[in-house]
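First comes the structure, then the notes that go with it.
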Amino acid sequence: MIPALLRLAQKRQTYINILYLLLSLPLGAVYFAIVIAGVALSAASLLVAIIPLMILFMVGCWKLATFERNMAIAWLHVDIPPMAAPLPPKTNWFQRFTIHIKRGVTWKSIAYLFFKLPFGILAFYITCMVILLIIGLSLISLTLGLLVAPFVLLCMALASRKISRRGTRRYLLIVLTAGGITLSPLSVVNGIATLWGMFAQVMLGMDINALRLAQATEMAEQERAKAERAEQSRRELIMNVSHDLRTPVASIRGHIEALLLASEESEHRMLAPETLQNYLRIVHRESMHLGTLVDDLLSLARNDSDELSLNLTTVEVGTVVEEVYQTLMPLARRERQISMLREVPSTLPPVRADRQRLVQVLLNLVRNAITYTPDGGIVVIALQHTNVDYVELSVADTGIGIPQEDLERIFERFYRTDSSRSRTSGGFGLGLAIVRDFVFAMGGSVHVESVVGEGSCFKVLLHVVEQA
Ligand code: ADP
């Protein structure tokens, strides 16, 4: 019991409680004045002025109640639920006002502010009495203690025991607190603070059922928005896919029909070999194009349905760079006179990746770099150990560049910049979406820097495998 009382005096919380209770009086007086003045002014004002005054009053009370709530949480360490659920989006001021006055916590918080003054008076009075009582009791106890001190010293001398400094301090503490008894009124202060904390919990927080309902409503709203977004992107996907299918399908149909017609008309049975070859080449190219679209869509669909099972292993990125370089370099040089370079440092830590996906990521980036670089340009694939955790794989080109306003969107599905739309060489706008999905799935990140007319640089960060 006595050590518990002594511990009470050593606790920081006890003094915070005392301060809180003492402050309750001036704060309560201010709240009381505001509440009374607000009610009186609203009642006395002309009809036209009632609404604005009431709004002002409500807002003021809400702010004060929020301040009180935060103070009770921080000072009294009570767990108070939120005051209200977030307002539905797109509500005007009148709707906000009506929702606000319908909430129970609005009126409870005004009542709280109103009661703060009587509580403050009582708390101030009791706390002052407690402090005075402790001082009084301590003085009495100290006086008595000092009076008996000579006898204590005498007894100790007779028992030939030494008087240590620590022993003197302990003696003084015991006589000052009468062994802790003079501190017992402190528990009254703590009790009042606890009770007021419980009152604040009831008055300044949402009702637990209302809180649960609000949480459930919010979750339902999030799910609804998610479903709406999914539906919207499904619609967009169908529109984009149909649009992108139309051109190659129409081209294939047109050329096949021409070939059929030629084979049916006896006098034109024999098409010139170069025309025939040209038609077949176009049909082949367009069917390849369609194949790419289907592959891309499948990759994205797998990723969406979390079917993308990655085979994460330890990968030497240098070998991936070499593979992609050897695949695309001859084509780039022969068809576009583009010089491809690679910069691979001799010592690089292995990364954690799915090798096959990483090859696809790099193929997509390098293909884009070749596609969007004019003939005779340069494409550089580089590897760098940027910091302990990452290896940076970059693909830089001296191409047409990407306008600043498009940079944020090029990783979206089916997004193509205007300049690439007008070019026949561009794809379906899925390549970078796949790059982003794959890189994220491997725990990395991708970003791009670009200057129109000068070139672009795509940078992929890959996790270094932690060495055991
Ligand atoms: P696409 O199949 O059309 O190339 P991507 O998703 O790979 O689709 O790229 C989206 C768009 O980003 C492209 O249409 C193009 O406008 C732009 N882009 C991508 N890479 C480059 C690059 N290296 N230089 C310039 N523009 C690029």
Side-chain angles (χ1 to χ4, degrees), residues 233 236-237 239-248 285-301 303-304 321 324-325 327-329 331-332 335-342 357-382 392-441 445-460:
S233 65
E236 275 174 14
L237 189 75
M239 268 175 55
N240 285 323
V241 171
S242 330
H243 179 267
D244 280 333
L245 281 175
R246 204 184 296 144
T247 321
R285 194 189 62 211
E286 294 298 1
S287 62
M288 294 285 283
H289 216 55
L290 282 178
T292 314
L293 174 61
V294 172
D295 287 347
D296 285 355
L297 285 171
L298 259 176
S299 293
L300 290 169
N303 203 18
D304 283 351
V321 171
V324 172
Y325 174 80
T327 312
L328 294 178
M329 189 270 287
L331 203 84
E335 293 189 2
R336 307 282 314 284
Q337 294 82 50
I338 285 176
S339 311
M340 264 180 74
L341 307 172
R342 63 217 192 278
R357 314 277 184 204
L358 191 57
V359 169
Q360 193 176 345
V361 164
L362 192 56
L363 275 173
N364 284 6
L365 292 178
V366 179
R367 266 198 209 113
N368 275 352
I370 297 169
T371 306
Y372 299 107
T373 297
D375 293 0
I378 301 171
V379 171
V380 183
I381 313 173
E392 183 188 271
L393 166 63
S394 64
V395 178
D397 62 55
T398 56
I400 57 171
I402 304 163
Q404 204 60 31
E405 64 273 16
D406 289 319
L407 281 181
E408 285 209 341
R409 303 202 54 198
I410 53 167
F411 290 98
E412 289 173 17
R413 294 173 186 188
F414 291 102
Y415 192 80
R416 278 167 285 181
T417 62
D418 280 345
S419 53
S420 66
R421 263 173 216 283
S422 54
R423 292 165 68 95
T424 48
S425 46
F428 300 103
L430 290 175
L432 289 181
I434 292 173
V435 166
R436 186 194 54 185
D437 284 4
F438 282 2
V439 171
F440 278 5
S445 63
V446 55
H447 77 277
V448 56
E449 290 157 13
S450 186
V451 178
V452 173
E454 287 185 21
S456 312
C457 182
F458 286 81
K459 293 180 177 173
V460 175

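These numbers come from a predicted model, not from an experiment. Positions are given from 1 along the sequence. Read the numbers this way: they start at 1 and go in the same order the structure lists the ligands and their atoms.
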When rounded to the nearest 0.5 angstrom, what distance separates [atom1] in [X] from [atom2] in [Y]?
| X | Y | atom1 | atom2 | value |
| --- | --- | --- | --- | --- |
| L328 | L363 | CG | CG | 5.5 Å |
| E335 | I370 | CD | CD1 | 9.5 Å |
| Y415 | L432 | OH | CG | 12.0 Å |

Which of the numbered atoms in ligand 1 are under 4.0 angstrom from any heavy atom belonging to [X]?
| X | result |
| --- | --- |
| G401 | 25 (C) |
| L432 | 5 (P), 6 (O), 7 (O), 9 (O), 10 (C), 12 (O), 19 (C) |
| R416 | 3 (O), 14 (O) |
| A369 | 23 (N) |
| I410 | 10 (C), 12 (O) |

Considering residues at least two apart in sequence or located in another chain, which fulfil the side-chain contact (heavy atoms from CB on, under 4.5 Å) criterion with T398?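 T398 satisfies side-chain contact (heavy atoms from CB on, under 4.5 Å) with T373, I378 only.
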
Looking at ligand 1, would G429 count as a contact under a 4.0 Å heavy-atom criterion?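 Yes, G429 has heavy atoms under 4.0 Å from ligand 1.
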
In this structure, does ligand 1 have an atom that sits under 4.0 Å from one of the heavy atoms of F458?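 F458: in contact with ligand 1 (<4.0 Å).
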
Using a 3.5 Å cut-off on N or O atoms only, is [X] in polar contact with ligand 1?
| X | value |
| --- | --- |
| Y372 | yes |
| I402 | no |
| A433 | no |

Which bit of [X] is near ligand 1, meaning a heavy atom under 4.0 Å away: side chain, backbone, both or neither?
| X | answer |
| --- | --- |
| L430 | backbone |
| Y415 | backbone |
| T417 | both |

Any donor-acceptor pair under 3.5 Å from D397 side chain to V379 backbone: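 No: the side chain of D397 does not pair with the backbone of V379.
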
Regarding R436 and the six-membered ring of F411, is the cationic atom NZ or CZ under 6.0 Å from the ring centre and inside 45° of its axis?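 R436 over F411 ring: no.
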
Should F458 and V361 be marked as a side-chain contact (heavy atoms from CB on, under 4.5 Å) after you check the CA-CA gap, both sets of side-chain angles, and the distance that decides it? CA-CA 11 Å; F458 286 81; V361 164; over 6 Å; no

Flag side-chain contact, heavy atom, 4.5 Å: Y325 against V366: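 Side chain of Y325 against side chain of V366, heavy atoms only: no contact under 4.5 Å found.
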
Lys/Arg-Asp/Glu bridge criterion (N-O < 4.0 Å) met for R357, D437: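 Result for this pair is no, no salt bridge flagged.
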
